[in-house]
Amino acid sequence: MSTDAEQTAVSGEAAGSGEAAGSGESAGRVNLLGLTREQLQAFCALLGSKPFRARQLMNWLYKRGCDRFEDMSDLALGFRALLAARAEIRLPEIVSQQQASDGTRKWLLRADQSQAFEMVYIPESDRGTLCISSQVGCALDCTFCATAQQGFNRNLSTAEIVGQVWLANRELGFEPAGDRIITNVVLMGMGEPLANFRNVVPALRILLDDLGFDLSRRRVTLSTSGLVPQIYRLAQEINVALAVSLHAPDDDLRSQLVPINRLHPIAELLEACWHYIDEQNGRSVTFEYVMLDQVNDSAAQARALARLLAGHPAKVNLIPFNPYPGSRFRRSSDAAIFQFRDLLLRGGVMATVRRTRGDDIDAACGQLVGRVTDRTVVRLGSRAEAARSRVARANA
Ligand code: SAH
């Protein structure tokens, strides 16, 4: 099923706001940060250089964290001069940063004069997770999410998506020969990554490429609210871990909380998820489930969720709701959250509770707002409703 509303959800692509500042070129210079290995090889060929130059460039860029052509000492001087004339390494600019009492760090990055987006680093004893954004704002209008209240401005470019990981490494004191600081990357910041498919997939390729950030495919997770056609496309394009924002065990409730469900109901979404795992020899899909007091946290709902997922390659990650100014939901009690988890486990479904991190600097799940001033406030909920009634009228 594909309707106007769905088109709207991916309007960043359709409306031409995908190619924006930081993405491609400035003054005719190509930003090398957004190029995959193949694109970089093609670019080197265009400059009349050998393909192995691309390998050297990636080594400087990603293994050594170097962003100045003049410092790339094993490149011939003539090639460096050519690069300086035709290419650039342009990173998002940091507007501000904050550190939470638990060590979580959040950066506000400039998208252009008035727009900004956020990324968050979450240190843990055995890993370091960077949570990155894929859009400035979001069009999907999930009722419990702060980013949704911002409306949608534009897609981030591949360079801006990759640039977040590059910048965070530098900010966190990455050393070329030292240990990895960022071991995991999750596309769980601002935006719906599958609505920015065109820029997100090349960024994922650079994250996984052994000449790029060389991250393990199990340690790169894309989270989606459930754009079903794009889940099928993703399965064909690239192999990364998939997380799906489920949040309800039945269509009535899910359609209220996650309006894209009106276009792609739960059965359709789950089918896409199982297909994804089959295609990729993946382990399981992680279903995110925000715990909203008296909305989706009852024992009956836990049992219904277990019936839906038991026997499938699924695990559930329960996220205690993080409030934000103006939010109309409350977090479930700890007792309700742990009862819900236990009922899932008893029903044969692996379940964990996500620890809230960085909430004292509004860096927790669903609290990222960046700065979205010039927004095209696209509310998928109302548009989905309008599209549905048009279809109903046409069929009547
Ligand atoms: N748009 C994508 C990526 C966002 S990931 C998606 O929907 O999956 C961020 C996760 O945090 C999603 O599961 C989202 O539903 C959840 N979330 C949003 N608002 C939240 C809030 N206020 N408290 C807790 N989790 C929230």
Side-chain angles (χ1 to χ4, degrees), residues 9 131 138-149 186-195 221-228 230-231 241-273 276 284-310 312 314-324 327-333 336-341 343-344 347 349-356 364-368 379-381 384:
C131 175
C138 188
L140 291 203
D141 208 16
C142 299
T143 46
F144 50 85
C145 179
T147 307
Q149 313 311 312
V186 295
L187 278 86
M188 295 187 185
M190 294 169 69
E192 166 52 54
L194 291 185
T221 304
L222 181 146
S223 177
T224 178
S225 56
L227 300 193
V228 166
Q230 285 88 336
I231 293 176
L242 182 67
V244 170
S245 297
L246 193 59
H247 305 319
D250 63 83
D251 281 322
D252 276 353
L253 180 58
R254 188 163 193 270
S255 293
Q256 288 171 40
L257 298 175
V258 184
I260 191 79
N261 192 70
R262 298 172 201 176
L263 302 178
H264 303 298
I266 292 174
E268 217 180 282
L269 174 59
L270 294 183
E271 212 174 295
C273 290
Y276 188 85
S284 54
V285 173
T286 299
F287 291 95
E288 294 154 293
Y289 195 102
V290 61
M291 295 300 291
L292 304 170
D293 182 40
Q294 318 244 334
V295 174
N296 64 355
D297 63 348
S298 73
Q301 285 161 323
R303 290 193 194 95
L305 185 61
R307 281 195 297 276
L308 213 51
L309 301 179
H312 292 287
K315 56 186 178 196
V316 174
N317 193 215
L318 301 172
I319 314 175
F321 172 67
N322 294 306
Y324 53 88
S327 56
R328 58 189 164 93
F329 294 100
R330 287 183 314 268
R331 177 183 293 186
S332 303
S333 67
I337 295 174
F338 287 104
Q339 170 185 264
F340 203 92
R341 181 198 61 185
L343 287 168
L344 286 173
V349 177
M350 179 59 201
T352 50
V353 177
R354 189 178 292 181
R355 196 152 62 94
T356 298
C365 301
Q367 292 185 320
L368 302 187
R379 296 272 181 244
L380 181 70

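Please read these numbers as outputs of a predicted model, since none were measured by experiment.
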*asked:* Using 0.5 Å steps for rounding, measure from the CZ atom of F287 to the CG atom of L344.
replied: 12.0 Å
_Quick check: closest heavy atoms across S284 and A314, and the distance to 0.1 Å?_
CB-N, 3.7 Å
*What is the minimum heavy-atom distance between P249 and L308, and which atoms define it?*
O-CD2, 3.7 Å
*Please round to the nearest 0.5 Å and tell me the distance separating atom CD1 of I337 and atom CZ of R331.*
6.5 Å
_What's the separation between atom CD1 in I319 and atom CD in E288, rounded to the nearest 0.5 Å?_
4.5 Å
*Please check if the side chain of N296 supplies one atom and the backbone of H247 the other of a donor-acceptor pair under 3.5 Å.*
yes
*asked:* Could you tell me if the side chain of V353 sits less than 4.5 Å from the side chain of Y289, heavy atoms only?
replied: no
*Determine whether V186 and C131 make a side-chain contact, defined as any pair of heavy atoms from C-beta on separated by less than 4.5 Å.*
yes
*asked:* I'd like to know whether Q230 forms a side-chain hydrogen bond (donor to acceptor under 3.5 Å, both in side chains) with T224, so could you lay out the CA-CA distance, the side-chain angles of the two residues, the decisive distance to 0.1 Å, and finally the verdict.
replied: CA-CA 10 Å; Q230 285 88 336; T224 178; over 6 Å; no
*Without swapping roles, check the side chain of Q301 against the backbone of D250 for a donor-acceptor pair under 3.5 Å.*
no
*Is D251 reaching over with its side chain to a backbone N or O of I266, donor-acceptor style, under 3.5 angstrom?*
yes
*Does the E192 side chain pair with the main chain of A139, one donor and one acceptor, at a distance under 3.5 Å?*
no
*State the CG-CG distance between D252 and L257, to the nearest 0.5 angstrom.*
11.0 Å
*Is the backbone of L227 close enough, under 3.5 Å, to the side chain of H264 for a donor and an acceptor to pair up by distance?*
no
*Search all heavy atoms of L140 against all heavy atoms of S225 and return the closest pair with its distance.*
CD1-OG, 2.6 Å
*Does L368 offer a backbone N or O that forms a donor-acceptor pair with the side chain of T147 under 3.5 Å?*
yes
_Treating N322 as the side-chain partner and C365 as the backbone partner, does any N or O pair qualify as donor plus acceptor under 3.5 Å?_
yes
*Taking all non-hydrogen atoms of both residues into account, name the closest pair between G347 and A306 and its distance.*
CA-CB, 4.0 Å
_Euclidean distance, L242 CG relative to S223 OG, rounded to 0.5 Å_ = 8.0 Å
_So, taking the atom named CD in E271 and the one named CD1 in I231, what distance separates them when rounded to the nearest 0.5 Å?_
11.5 Å
*Evaluate the side-chain proximity of V316 to L309: yes if any heavy-atom separation is below 4.5 Å, no if none is.*
yes
*Can you name the closest pair of heavy atoms from F340 and L318 and give their distance?*
CD2-CD2, 3.7 Å
*Looking only at atom types and distance, does a side-chain atom of R254 sit under 3.5 Å from a main-chain N or O of L246, one as donor and one as acceptor?*
yes
_Test item: Q256 and T143 side chains (from C-beta on) under 4.5 Å apart, heavy atoms_ = no
